[in-house]
Amino acid sequence: MSRAASAALLAVLLAGCGRGGVSRGDLESPLPERRAAAVSTLASSRDEGDLAVLLVAQQDPSPLVRKAAAGAFTARGGARSVDGLGRLLLDPDPEVVAVAARGLGAISSASPSSDARATSALQRQAAQALSAAYGRADAPGRAEIALALAALGTSLRDAVEAEARQLWERNVRGLASSSPVERAGAAEEIGRSGRAEAVSRLLPLLQARGGDTRLAAAAARGLGWAGDRRARDLLEDALLQGDAGLAEAAAAALAALGDPAAAEAIAEAGATGPGRVAAACVDALEALPRAPEVGVALCEIAVRSVDPQVAGHAGRAARAVEADCPDRPLTNRIARRGPDAAAALAALGGLGLPPDRLKGPADRALALVQGPADAPLRTAAARALGLAGYAPAAAALKRRLETLRERLGEARETWVAGSFPLTAEAGFEAGIPPAEAIAQRAIPAADPSPRPAPLPPRFVDPLDPADVEELTAVAAALVRLKADGAAALSLELSRDPDPRVRAGAVEALGLAPDDAARLRVAELVRDPAPTVRRAAAAALGRQGAAAVPALAQALALEDPDADAWREAVARALGETGAPEAAAPLATLLDGPAAPAAAAAIGRLGSRDAAAPLLRLLERHQALGRVQAIESLGQIATAEAGRALAAELTSDRPEVRAAAVRALGKLRFEPASAALEALRGDYYADVRRAAVEALARLPSHGPGRQR
């Protein structure tokens, strides 16, 4: 029944009745305020006809009337009112839901003579209605339902488990759907439940050959969420099936399982697969627990991958886990100068080989800098030598820098002597000069007068992008190697008219330890070129508290992509680690940059930064909610406990999981009942987090009784 039809039916039911002082005109009024007032007067009536009117009023198009109906149901009490309030719990208006939930939490018997048994049965009925509606409500509605359940003396776990049943049944139906998209979504959600039955439903989807790879990829992700290691063998097979999407999902799932025994299979897929698969494999290995086989796998990808970005990433990851990677494969690949030499150079820069094994591949890289290799390979070699810290390369890199600077100067020399005049000279007024005028112009005068303007930029040869990239790579390598004069050369490049050169120079200046370099980086945050500004902001963030004023001022700068610029500055402010950065970051919490700003505040670790994060949580639709919760957990302030506990009833599982983890860190005892309830949550990660958080509470610690 439409709400317009409901309004008409309401008028019909009440036409001429006039009960309780209700006038027909009020009930038929086009003004919702008058209709609501008329419905409110029925709260004191016990007439069954009036109850029917209230059941229709709950479908009125105006939320004011529906709220009035909820209030009247509450006042009347009884089982029929519980039914009416239960339907209003699903109302789209949050205020109506709140009134209905409060009404059920305070429901009374319709008859004053009802005994305790009847009252108890009525309250059980109200609790069932609240629990059934919990999983369908939004975050504010769920919070009101939780309060109502507490008022009835009913555990929140009843509502949490009711929601879990609803979600499971819905996802099982989705898995049987004819829609491929719906089936894939249901498969992943079934896995997120972590139930044993979920694994038995998903394994056949992954085993099927020649089927929908999207469904198989969703099943793989679901198995990762489920955390059952029985799926490991099938996931390892999926890595090598030839479908990139399935392989990526399988790699992520193996990472979620957390079994280092999968490292060998991940390494094989990462070393031989396409770039996107290889990148996913490196991410998966980084997520696994530290173990010798994980380090070996990272080395395998680093020395075998043909993708420079993947090889460099794997090399850095191997270095982080202190893996003992071989140097000979890199030496051989660099010496061959084949298409994968750039990848070997990227691995060399990331691995951080010890001096006794660095010389072989580093000398091969140095030969590329000095020899006839193409520009991209020389650039990769220069970067690798700088990142590897190979000091013997400094002299050759200096010579190469001078060569590149000379080439830069030659490219900018005008190919017409002097400069063009801004006004036409004699004989040129008509635009087509006669031959004698051309001849007179071509013969240089004994004492030519200066021209009023230089040659326009469009008549200057553009710089070769490969030369620009190599120039800036060599400059950064020299700074890393602490070569004499390297910082001064980078300062000079930072004033180049070409923004590509300036952006590259920022990398070198950010590595230089002297004050002049730091000041220049701060100046470049205001550079007119967006690429230079972003590079400068990132470099400035590594300078600590001294960089905060410049970064705070940078927030006011105009940028073609304002949101991306504010996010970049937010990350840089977080990198400073300075408590003073909290104030400018707080200004970003009410906008698109809120997630980056909230995460950055957490990195500061300052307890004074908790207040703006708590204000963010007060705005129910604010961006950055998960990041704010995680940061409050890192800051660990006691006053955040109640605000975080309120997030335990969120309708978003990622918010609930973040709040549970944060409360565990705070050891916030008043949240114990809600945490206990979340042990029945549909989502496995929420359940696991709740168990861990409860174990950290004072009342649940070692030797304490639960």
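All of these numbers come straight from a predicted model, not from anything done at the bench.
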Checklist entry - Do side-chain atoms of Arg667 reach the backbone of Arg696 as a donor and acceptor pair under 3.5 angstrom? => result yes
Next on the checklist: Let me confirm one number: the CD1-CG distance from Ile601 to Leu616, rounded to the nearest 0.5 Å.
Outcome noted: 8.5 Å
Item to check | Residues Arg66, Asp91: salt bridge by 4.0 Å N-O rule | outcome: yes
Item to check | Smallest separation among heavy atoms of Trp168 and Tyr682, with atom names | outcome: N-CE1, 3.6 Å
Next on the checklist: Quick check: do Leu149 and Asp158 have side-chain heavy atoms less than 4.5 Å from each other?
Outcome noted: no
Checklist entry - Okay, side chain of Arg625, backbone of Arg619: is any donor-acceptor separation there less than 3.5 Å? => result yes
Checklist entry - Are Arg192 and Glu189 close enough for a salt bridge, meaning some N to O gap below 4.0 Å? => result yes
Checklist entry - Which pair of non-hydrogen atoms, one from Asp259 and one from Arg232, has the smallest distance, and what is that distance? => result OD2-NH1, 3.2 Å
Checklist entry - So do the side chains of Asp228 and Leu223 get within less than 4.5 Å of each other, counting heavy atoms only? => result no
Checklist entry - How many angstroms lie between OG1 in Thr587 and CG in Leu585, if you round to the nearest 0.5 Å? => result 7.5 Å
Checklist entry - Does the pair Arg201/Glu197 count as a salt bridge with the N-to-O cut at 4.0 Å? => result yes
Checklist entry - Which pair of non-hydrogen atoms, one from Gly602 and one from Gln634, has the smallest distance, and what is that distance? => result O-OE1, 3.0 Å
Item to check | Non-hydrogen atoms of Ala643 and Leu617 that approach each other most closely | outcome: CB-CD1, 4.4 Å
List, one per line, each side-chain donor-acceptor pair under 3.5 Å for residues 127-140, sequence neighbours excluded.
residue, atom, partner, partner atom, Å
Ser131, OG, Ala127, O, 3.0
Arg136, NH1, Ala132, O, 2.9
Asp138, OD1, Gly141, N, 3.0

Next on the checklist: If you compare all heavy atoms of Ala684 against all heavy atoms of Ser193, which two are closest, and at what distance to 0.1 Å?
Outcome noted: CB-O, 3.7 Å
Item to check | Side-chain heavy atoms of Leu90 within contact of Val97, under 4.5 Å | outcome: no
Item to check | Contact summary for Asp212 and Pro180, nearest pair of heavy atoms | outcome: OD2-CB, 3.7 Å
Checklist entry - Do NZ/NE/NH1/NH2 and the carboxylate oxygens of Arg656 and Glu647 come within less than 4.0 Å? => result no
Checklist outcome for this item: One should read off an interatomic distance between Leu54 CG and Leu42 CG, to the nearest 0.5 angstrom, of 5.0 Å
Next on the checklist: Tell me if a side-chain donor or acceptor on Arg687 pairs with a main-chain N or O of Gly680 at a distance below 3.5 Å.
Outcome noted: no
Checklist outcome for this item: Rounded to the nearest 0.5 angstrom, the CZ-CZ distance for Arg571 and Arg566 is 13.5 Å
